[in-house]
Structures are given as structure tokens and as C-alpha cells.
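Notes to accompany the following structure.
What's counted below: heavy atoms across the whole structure, side chains too, no hydrogens, waters or symmetry copies. Bear in mind the structure is a predicted one, so any value in this text is a computation, not a measurement. Numbers restart at 1 for each chain; the letters A, B, ... are given by sequence-line order, proteins then strands.
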Amino acid sequence: MADKKLAVRMRNISKSFGQVQANSNVSLDIYRGEILALLGENGSGKTTLMNMLSGIYFPDSGSIEIDGKPVVIGSPKDAFDHGVGMIHQHFKLVNVFTAAENIVLGLKEPGPFDIQAAAERIRKICDSYGFDVDPNQKVYDMSVSQKQTVEIVKLLYRGAEILILDEPTAVLTPQETDKLFAVLRNMRDAGKAIIIITHKLHEVQDISDRVVVLRKGEYVGEMITAESTTEEMTTMMVGHQVELNIERPRPINPKRRVRVHGLTVRNNEGVLKLDNVSFSVYSGEILGIAGISGSGQKELLEAIAGLQPVEIGSIEYVNDDGTIDQLIGKDPLEIASMGVALSFVPEDRLGMGLVASMDLTDNMMLRSFRDGPSPFFTDRTAPKKLAEKVVEELEVNTNSIDTPVRRLSGGNVQKVLVGREISSSPTVLLTAYAVRGLDVNSSYMIYDLLNKQKANGTAVVYVGEDLDVLLELCDRILVLCGGKVSGIVDGRYTSKNEVGLMMTKLGGGKA
Amino acid sequence: MFDLVAFIPRAVAQSIPLLYGSTGEIITEKSGNLNLGIPGVMYVGGICGVIGSFLYESSLADPSHINPFLGVAIPVLCCLLGSLLMGLLYCFLTVNLRANQNVTGLAMTTFGVGFGNFFGGSLIKLTGAAVPTISLGNTSKLFRATLPFASSMGAFGKMFLSFGFLAYLAIIIAFVAAYVLNNTRVGLQLRAVGEDPATADAAGINITRYKYVATCLGCMIAGLGGLYYVMDYANGVWSNDAFGDRGWLAIALVIFTIWRPNVAVPASILFGGLYILYLFIPTGKNLAVKELYKMLPYVVTIVVLVISSLRNKRENQPPESLGLPYFREER
């Protein structure tokens, strides 16, 4: 370590968005000729921290030094002038341009504009690091991994010395990941400083020299990768259990409500998202679903709700009288017309759950517009009453029920959505990240609502990202790992460490 | 017998306003601005040139001894100024205030046509002429001046050398625009702005400046089309509404040429030819048939649209963010 040259020194960096503290007092050193992994759960502030280094955000307090000189980074261009380049998860490329055109875009090189000469220089960079890029290929003809390569070459072409990659492997196949890691090692050996943001432990093991762990916006520690085990990293990442004092009544008279068997789902690109998933949900319980983001949570809920085509497997709904209905192959309307009372609170509240530009009443009507007095006219009285009731009972902070929901804050939007979904007294309630972005009080209100539903005998499925909440709210926790069921544990007797290990490794066994 | 030697010059003369309009609109659309105000801008360009030239001619004791330089420069500058103001108005509304581009453009067309007719009508009142037109014959002579030996060169001279300088300028502008768009840094950056402004912004390109410059330049080029129509094609005679729907045809031409100014040169001549084809095809006394022939340019545009969307090549699509306002923080 001692012979490595310090590239970046971040000291006491803090950043908050409204009430949410994204980073507090983080200090970090980045060295040349080293690959640093920034490890942490979702929402632990990894990306925010790096966005401050690359000029997207400006820190509230703290200092940044690059090559020993204090710097102020106010825009991506400032970052660039200091040799810092970041590759985001969403690529910034013009589709109808070639790789070379994208790479030189916005550059003011001396001399006349000559795209072929630029292409030649690009080829040279590619040869020296082992990139596989054709400068004359159009971006729309490229695979995701080729686009990512173009982004990396773009940074190198502009002379970036410090490269930040935000979850670069999220969109890559294992073979493409190996290729990426090979060029990252080449760049490290050429003396560049490389930071990869990730929450995948095996990648940390694979590629990094040093790992820094963030949790809830704070720096928790760092270690030399070669001298550490995945267990140590997991413990550091999930941290010690925090007491939240969320109520958890015992399930009353649980009966099997939904039985999922051998569920396998592929997404549009043909990538396996769920692999042979089997479990049951009982009435009167909250089943938590834990997992690293993108492990198949979204697909699982959407498959049950009838929004996601299923490759194989069965989803059975058990009626009160013991008869069984198959839910696969039915759309939400068909599921509802079978008498199955299923409610879904999706992750994307304003995209899938509510219409942002419509007011509260109209959003309530989205569920009841078919119930009008005639096929032609709709009934506005009932939704209006419901909107008033939701506003009053859930303490929604709004000027009136005629306000478009996009004007409400995140917590209030969520209350409106949950209020509407539970108003139909469902027997199955599916929720995805129900408290994401909510402040503490609103979160507890949502927990209360879920517990009330549980007491009413509803089978509640709660997909969450905060392990502390899952451990205190849920009766059972199903852990997904890469689309497979890593295990189902009892929320009362498990530990954060156990769930954390199951999230990162199938079955949670030793690494 | 179809008289090609007579047909070609008339088709070309007909095509020049379309070429100016479509070159201007292509440059504008490459910046992501869909300026449907082009027909209005062409009216404003035309009437501003007429006003300038009218005031200049009336200030002379003997208009037939017109100063050739001023006689050309005054109408051209007035035309450019009028069109520039229209462009600035459009940019202020759509770029700074992020108003809907379609609505803004349509309003500007309505405004531009009304503006042209209002000032046209006022000038006609001032002259007190018996016919409702303004005739600027002396200025028009300057615009229509051809090379001295052109008329002595027979069919070749008639087909290629019989036009005023604005006609050649239109073709030069179109080819220069095509070269700049495809082969220069500025062209690359302009196209990036129209395709993906967020990416261009991240690359350090000033989106607002590019949109303003491209749109205003486009308007000024389109305005010249209006000026050409009055001063050259119509022999310096302004009468209200005479320019007709050529502005819309210019916009149709943009789609027809799949956003390529160099393709616009032959395409506009084709459109110009189709526009006047009914005069050259004997249709007897049946006027209805003539009206059918007048539909041809529009029918061709629809056919081309269908074909180009069937082929579905990415390069032949409109700029990806055409018509969408850009706001950095909206992500």
C-alpha cells in the first residue's frame, strides 16, 4: 500500500436531500493503480458519494483533494478537468451516432474535424487496454456491454485518470463481466485509479484490491480484499441489528391462501429472473421478501398480480371453501372477476399505481370505474367519499382531494395508493418497497396499516430492502438470491447476519 | 408533346421557395425544434422585403435609376431581420418558456400570414392602385438579372442559366448545410442536440445556444424563400395570399428528404414540377382533373412516408427528441 500514490482524498463529506441524510461524514482515500470496491446495500449512499466526486451533486460539507490539491467540483466538466470520469447505469450515448462520433462529441480538439483520425486514436486506446470496439459501429447496433465499453473508452479518450463505475455488471452476462474485469485490471496496471460501486460480494472478491463499506450513508470500514472473507464483508455491510419496536402480533388462525410452485420467469431480453420458486402465503401473516435488488422481487409480485408472463410453474389461489383457482395466464381483470380480492402496491407508484396528473378522486376511481350505475356513466360519489376517508384516516397532507397526486410528497402519495388498495378489503395484499423514501412517521403508519390488514386475515406480502424492518415486521421471510429461493426463515428467530448471508449466497452457507 | 425545355425552368422556379423553406426547417429540426411556423416565417420574410424595397423605391425621384447594390441589399436585409425576429420569438417561447412547439408553430403561421396580408393591404392602400397589388418592377429586375450571355445559349441557357441569384444561392445554401451537418464538429454537436439533448448536455454542449442559433438561422433561410417568391417568381408583385401553401409543402419536403438538405435540391425540383404539372398536361376543359393533379406533391409525400417507415432504418427517422422541450433537471 505504501508505494501507491494517493489520487483522491475525500474528507468528512456530508450530503442530505431534504430530510434524508444520504451521506454523513464520509472520508475516503483512493489510490492510483488500485481497484477499490465501494460496497453497501441499496440506499447506503455509495452512488451519492461518487456523484459528488463526479460533479453531479455538490456536497453540503467536507473537502475533496485530488493529487494533493484541494478542489471544488461543481459540474461534471469540473470533474473532468481533474481527470475524474463516471460511468452511470444509464448510458449517455446518441443512438444514431457511431462509437467514434459519440466519443468525440463535445470535445474541442485542435485542428480540423477529422472523424477518421479520431477513430484511429480510439483504435489505439482499445488495443492498449484490450477493448473490443469498432469506432464506426452505430450505437443502436451495439449490445449493452459494447455500449458500456464505448462509455469507458470515451472517458479514457478524454484522459480520465480516475474512473468510477456504478454497478457496471448489473446489465452484463457472466462472460461479458469477465471481459470487463480483464480490461479493468489492464487499466489498473496502467496506473489508473478505479472505483466500482457494487453490492455483489463475489465481484468484490474477484476484482477489487481494497473494499470500503458504507452503511446508511456512513463509512463503516475498509479491508484488503485478499485478507478478508465474504462473512466479514457481509457482517460489515448489514451491520448489527437495530431495535425498531415495530409491532408484530401473532398470526391468527393462518390458512394457506396462495401457493406458488416451480415458478420460472424470463424478462423481455430472455434473462432468467425467477428460477423454480416455490412458497406459500398464509392468511393473517406478513411474508417478507428479502434479497439484493434485482433478484426477482419485482417479477415475483407481478407474476402473482397477473402482469408478468410466466414460463412454467403454477400460482394457486385457495378460496375460503378450499377450492383452488389457477392465477397463471390471467390478467388482473380476469383475476378480479374470479372473485379473488388481490391488491398490488407496486414499486413504481406514479408509473404503475397512480396517474400523476389526476386528482385523488380520479385516482380512487381507477379501481372502481367499472362499478358505475350504467355501462356509460361512471359513479363519482363513492370514489370521492373514499378519497375523503383516506385523507382523513391516513392523515394525508393535501390541500384538497382535487389536488393532482404529483403535487403530493412521496409519503402522501404512498398513503393514497395504499389507502386505495386496502379499501377493497383484499384477501391478498402485495406491496413492493412500501416505505421507500418515506420519513420515519409515515413508515410507521404504513407498518400499522399492514398489521391491521394482517389482523383482518389478509395475506400480506412485503417486499423490503431494510433488513431491520423485515426482521421486526414479518412473520416469515423468504430470501431470494439471483432469482432462486435461498431459504425461508422465521422472522422471530432469525438474525440479520443469517438473512444477509442468504441474500448474497444461495442457502447462506460458507463462502 | 411535353415541352421539357419550358417545363424545367418553371419547375425550378417553383422549387426555390420550397428549397429555402425545407433547408431552413431541416436545420431547425436537427436541433430538436419542430418549427411549424415556417409558412408564417416565409410570409413575414416576403412582406418585410417588400416593405423595405417599397420604402426605398418611393424615396427615389426616378425608380428606374435604382442603385443596384442598395436595391438588392435593402430587401434582403429587411427580409432577414423580419425572419430573425420570428425565430427569436419561437425560441423564446419554446426554449426558455418550454411552450408546446406544435401550438407555438401553428400560432406563428397564423400570425405570419396575417402580418403579411395586413401590411400588404396597407401598402396597397398607400399606393392607391386600381388592382390590389404592389408592383416593385425595378427591384424585381435586379433580382431577376441573369448572366448576360445566358439567353444566347439556347436550351442549355434556358434550363440552367435563366434564374436570378437567389435561386443559385438556395442550392448553394442547401449543399453547404448538408456538408456542415455531416462533416463538421458543429454539425455533429447540432445533431446530438436534436437526438439526445441530455447526452449533449453532459458532453458540455450549450443546448440553448444551439437551439437558438439553428432555429434563427433556419428561419432566416426560410424567409429568403418568401423574398424569392415575391421578387423573382412573381416579378416583384405582392398580392395578398398569393404565396399560398408553399410553406406547408416545404415542411412536407423535410420528411420527403428524410432530413437531408442535399436531397432537398432534386426533391424540391420534383415537388416544384409536380406542383405545376397540371399546366403541362392537356386535361381539356375538365377542371376537376387539374385539381387532382395538384394533389400530386402531397400524395407523393404520403407514399414516401409509408415507404420510409416500412424500411425503418434508424438514420431515416426524425431526430429522436424532435418536438420535446429540454429541461436539465427533469429526469
Side-chain angles (χ1 to χ4, degrees), chain A residues 17 51 54-58 74-81 84-119 135-142 147 150-151 154-155 157-158 160 350 356 406, chain B residues 26 29-32 98 100 176-211 213-214 257-260 308-309 311-322 324 326-331:
Chain A
F17 298 101
N51 275 340
S54 67
I56 308 274
Y57 300 140
F58 195 77
S75 72
K77 201 183 161 298
D78 289 353
F80 234 102
D81 294 342
V84 179
M86 180 157 170
I87 293 157
H88 299 269
Q89 282 176 287
H90 301 284
F91 303 136
K92 293 220 174 295
L93 296 171
V94 179
N95 279 323
V96 295
F97 284 10
T98 63
E101 285 173 332
N102 267 296
I103 289 167
V104 300
L105 184 65
L107 277 183
K108 288 177 188 67
E109 294 172 302
F113 179 67
D114 184 352
I115 196 76
Q116 285 316 317
N136 294 322
Q137 193 180 6
K138 298 267 180 173
V139 169
Y140 62 75
D141 270 338
M142 293 184 183
K147 287 182 195 171
V150 173
E151 286 278 20
K154 188 158 105 186
L155 295 184
Y157 188 88
R158 284 148 201 249
L350 288 180
R406 77 181 135 83
Chain B
I26 289 170
E29 289 195 12
K30 283 290 179 188
S31 77
R98 293 193 297 278
N100 182 306
V176 169
Y179 181 83
V180 169
L181 280 176
N182 292 322
N183 297 302
T184 66
R185 200 169 285 140
V186 171
L188 183 75
Q189 299 186 353
L190 176 61
R191 282 187 289 139
V193 169
E195 289 288 339
D196 191 342
T199 298
D201 197 14
I205 297 168
N206 186 335
I207 306 294
T208 306
R209 191 202 299 164
Y210 267 84
K211 282 193 177 238
V213 170
T257 60
I258 43 181
W259 291 267
R260 286 183 175 85
S308 67
S309 63
R311 282 182 57 212
N312 208 14
K313 214 174 146 218
R314 290 294 286 266
E315 283 83 1
N316 294 348
Q317 300 304 311
E320 211 169 298
S321 70
L322 182 62
L324 306 173
Y326 177 65
F327 180 45
R328 183 183 291 170
E329 274 121 84
E330 203 170 84
R331 273 177 202 167

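Residues E195(B) and V94(A) share a closest heavy-atom pair of CB-CG1, 3.5 Å. Pairing each heavy atom of K92(A) with each of A202(B), the nearest pair is CD-CB, 3.5 Å.
A heavy-atom distance below 4.5 Å is not found between the side chains of F113(A) and V186(B).
For chain A, the nearby part of I205(B) is the side chain; its heavy atoms alone come within less than 4.5 Å. Heavy atoms closer than 4.5 Å to chain B are found nowhere in I115(A), neither backbone nor side chain.
Interatomic distance, L105(A) CG to R185(B) CZ, rounded to the nearest 0.5 Å: 11.0 Å.
The most heavy-atom pairs under 4.5 Å with chain B, out of K77(A), K154(A), K138(A), come from K138(A).
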